[in-house]
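Working notes, beginning with the structure itself.
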Amino acid sequence: MDLSLSTRTVGDRTVVEVGGEIDVYTAPKLREQLVELVNDGNYHLVVDMEGVDFLDSTGLGVLVGGLKRVRAHEGSLRLVCNQERILKIFRITGLTKVFPIHTSVEEAVAATD
Amino acid sequence: MPTVELLFSALPEHVRTARLVAAAVARRAGVDEAVLDEVRLAVGEACSRAVGLHRSSGVDKPVRVLLTEDEKKFSIEVGDEVPITPVNGSAPAVPSARGDEPRPGPAPAEDSEADDEGQMGLAVISGLVDDVEVIEGENGGLIRMTWPTMAP
């Protein structure tokens with residue numbers, strides 16, 4: 001399975017809906033998408049991971065890179081994820097402390113800090 | 001003798017194939033269904049790391065994955081063919097945990113990125129798998145991961 005990406009704007013947030021597998025092969029596509037959004041001036045991102053079947057450390061690296069980019073503009077990067085298998089990877093790497101992780105896009109969009 | 005042996009060109013697009021094969025063989029071997037996600041992730045991390053090492057070192061050989069079913073355990077070995085070599089003619093590197101040693105390569109920036117990703121991959125593997133060994137050999141490194149299997 002490949003990676004699917006779609007973006008939409010909700011208020012001042014840009015929601016990136018990700019589907020499929022984020023791994024060493026597909027992660028560069030996600031990286032490009034995040035870089036492009038930030039270059040276009042979108043600094044408040046919500047990455048919806050509900051459709052993600054697989055995430056590895058390469059994918060984590062891309063998300064951390066995205067966070068670094070938006071923070072340089074005082075922006076934010078929030079994740080939406082309810083899947084235990086994906087959340088586990090954030091937990092074992094300690095990244096649950098780095099990323100705000102929400103249970104729904106609505107909650108992530110409404111969050112302010 | 002391994003139950004299944006897989007050789008693949010060091011390209012990112014083949015890592016998914018290795019994950020699928022490893023998970024299928026693990027399931028047949030009797031690895032707990034609940035652990036299969038971990039097997040998939042761990043073998044993917046090990047293969048991604050090997051692919052990164054081969055590419056950053058310009059090694060043209062394939063990555064090797066051995067899947068071995070024993071009586072009460074299932075093990076996966078992922079081997080790369082990137083030997084530790086002295087950098088810039090400095091003293092020979094002392095074998096240690098893979099990733100600690102700087103590796104020679106055409107572009108230092110890319111190298112350090114590949115190393116960082118390799119380190120993160122190792123961190124994930126050691127967080128996921130209780131029984132893991134990282135072995136350095138003269139001709140390359142090997143990550144061996146073992147899981148218990150259930151009685152059929």
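Just so it is clear: chains get the letters A, B, ... in the order the sequence lines come, proteins before strands, and each one is counted from 1.
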Proximal component of R40(B), with respect to chain A [non-hydrogen, under 4.5 Å]: both
Nearest heavy-atom neighbours spanning M49(A) and C81(A): CB-CB, 4.3 Å
For residues 87-98 of chain A, tabulate all N or O donor-acceptor pairs below 3.5 Å that involve a side-chain atom, not counting sequence neighbours.
unit_1 : atom_1 : unit_2 : atom_2 : d
K88(A) : NZ     : E38(B) : OE2    : 2.3
R91(A) : NH2    : E84(A) : OE2    : 2.2
T93(A) : OG1    : I89(A) : O      : 2.7
T93(A) : OG1    : F90(A) : O      : 3.2

N/O donor-acceptor pairs under 3.5 Å from side chains in residues 137-145 of chain B, not counting sequence neighbours:
unit_1  : atom_1 : unit_2  : atom_2 : d
R144(B) : NE     : E77(B)  : OE2    : 2.9
R144(B) : NH1    : E133(B) : OE1    : 3.0
R144(B) : NH2    : E77(B)  : OE2    : 3.4

Residues of residues 41-48 of chain B contacting chain A, heavy-atom criterion under 4.5 Å, by residue number: L41(B), E45(B), S48(B)
Contact list for residues 66-81 of chain A, test salt bridge (charged side-chain N to carboxylate O under 4.0 Å, His left out), sequence neighbours left out: none
Quiz item: cation-pi between R19(B) and F54(A), 6.0 Å / 45°: yes
Within 6.0 angstrom of D60(B) CG, more than 12 heavy atoms from elsewhere: no
